[in-house]
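To keep things clear, I will list the structure first and then write my remarks on it.
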Amino acid sequence: MRIAVVGSGYVGLVAGACFAELGHDVTLVDNDAAKIAALHKGEVPIHERFLPELLQRHRGSRLSFSGNLRQAALESAVIFIAVGTPPTEEGEADLSYVESVAREVAGAVNGGYKIVVEKSTVPVYTSTWVRKVMLLNGAQESSFDVASNPEFLREGTAVTDFLYPDRIVVGADNERCAAVLREIYRPMTDGSYYRGKNAVPGPDGVRVPPRLIVTSTKSAELIKHASNAFLAMKISFINAVASVCENVGADVSQVCEGIGTDSRIGPRFLSPGVGYGGSCFPKDLMAFRAVARECGYDFSLLDEVIRINEDMRQRFLRKVRNALWTLKGKRLAVLGLSFKGGTDDVRESPALCLVELLLKEGSQIVAYDPAATERAREVLGDRVTFAANPYEAAGGADALLVLTDWEEFAALDLDRLREQLRYPIVIDGRNLYNPEQMAAHGIHYYSIGRPPAAPKSQPANAGTAPGSH
Ligand code: UDX
Ligand code: UDX
């Protein structure tokens, strides 16, 4: 099938590369000329596992890049919209990019049958608006349908999330339209893709083929917002439980094991930390809240999810203060700047937010991130020193803070790390280490929702409050 994907960001680029991998002919469109030029040159604009391989495999054969939306739409049977939907000041989704794509595509659908598919996260009723805008701009009623096919990929594991999803959701209001979308995903739903010898390997224990669920377009739009809101709620819930654990001296990791093994709850998205971030959860919660309000429902539960999330940053800051007393002039090593491990994305990163708060307190920050340094530098400039590795960041620091859950941080040489630090204090916002193990390595260790640990023969707060220098 000939497919155009409009918007070559995190979602569009991954979706386009994966559609090509499934055997379709894909044109990736973007109005950012520099991005298209970079893609033409073989560059990979984002850090994402398996994406370089897929781009390399299909570039110039099944995958092409273009700045010409009208032309790409004319040549395609299905047009996926994957442009950004950033929040407005009121917290609603800004749909002006989606609207401008709909306007331009309207002139390219007549004379056959095409489907315009929302891939970006959009509020309920967007498909109705896209249809109206297209009709107003000259598209004939019978020449097109608008569908919703939300994307559930997570950054860092986007390619495998796309190719090995728990489910595929297709929102289509008639069978003709649903049949085309079923056809696009057929190599996945009939299992043929997974039998191919070059298939991207799936995660351990994944079940294939995935189920494809057909719903109305409105339901599909709601499924996306409701999924993200539910996952964010799960994270805020466990973060709130972690705060209670701290107050009573319980261990949140034990509580997680105890509740996560209840199959009705499940173990995933139950990791406490410094709160959720990224380009989706914060924005989508606000947008879902605004949509509900607009439709006459006061979804105040979502306010509380957001409040708990913001509070986690303040709580972490207090934890740093409790470990170090004053923050002014303290040299702090920061591990992790991206909003989560495995990606170079720093949008709405809790780590960046905490670095800003610590800078405001007068701390000196030396930071290390395996992939996000360049993107973080665009935001932080020279207010922060960037180190080439975790040990360099730790050199002479009053404490080490872990702010992102990069796998490689969990495997650090703890003795080497301790020797680098001025004081052996680690404050872990992602619970990457075992408290006893840290204590055994001579480190004063503070984490989320678990009792602090200290080297034998020293009380847990003996590392507290080295003087400022
Ligand atoms: C996506 C979805 O669009 C968003 O709704 C979802 O919630 C998060 O993921 P993402 O892929 O991360 O956003 O966005 P971004 O990386 O900003 O990419 C959007 C791309 O669309 C950019 O490359 C931009 O240049 C392009 N674009 C934007 C267009 O081609 N045309 C436009 O009119 C606007
Ligand atoms: C999310 C959704 O998971 C995905 O389905 C949707 O398509 C886009 O939004 P993403 O933002 O890429 O994906 O990352 P995700 O893995 O969901 O993490 C979001 C944030 O929550 C990160 O800051 C992460 O560190 C945090 N998180 C996640 C936790 O704090 N605890 C957890 O248990 C899981």
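As the structure lists them, so they are numbered: ligands from 1, and atoms in each ligand from 1.
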Report summary line: If you compare F281, F162, F152, Y276 by their heavy atoms, the one closest to atom 5 (O) of ligand 2 turns out to be F152

Query raised in the report: For atom 25 (O) of ligand 1, what's the nearest protein heavy atom and its distance?
Result: D30 OD1, 2.5 Å

**Report entry** A82, portion touching ligand 1 at heavy-atom distance under 4.0 Å
**Finding:** backbone

**Report entry** Shortest protein contact, atom 17 (O) of ligand 1 (heavy atom only)
**Finding:** R347 NH1, 3.8 Å

Query - Closest protein heavy atom (residue, atom, distance) for atom 8 (C) of ligand 2 - result: C280 SG, 3.4 Å

Query raised in the report: Who's closest to atom 3 (O) of ligand 2 heavy-atom-wise, of K283, R154, K340?
Result: R154

Requested in this report: Take the angle between the ring planes of F281 and Y276 and call it parallel below 30°, perpendicular above 60°, tilted in between.
Outcome: perpendicular

Query raised in the report: Just heavy atoms, cut-off under 4.0 Å: does S120 contact ligand 1 by side chain, backbone, both, or neither?
Result: both

Report summary line: Looking only at protein heavy atoms, what sits closest to atom 32 (C) of ligand 1 is N31 ND2, 3.2 Å

Query raised in the report: Applying a strict 4.0 Å limit to heavy atoms, is R268 in contact with ligand 2?
Result: no

Requested in this report: Under 4.0 Å from a heavy atom of R430: give me the atoms of ligand 2 that qualify, with their elements.
Outcome: 25 (O), 30 (O)

Requested in this report: Assert yes or no for the condition that the ring centre distance of F19 to F80 is strictly below 6.0 Å.
Outcome: yes

Query raised in the report: How does K35 reach ligand 1, by side chain, by backbone, by both or by neither, if only non-hydrogen atoms under 4.0 Å count?
Result: side chain

**Report entry** G278 near ligand 2 by a heavy-atom separation under 4.0 Å
**Finding:** no

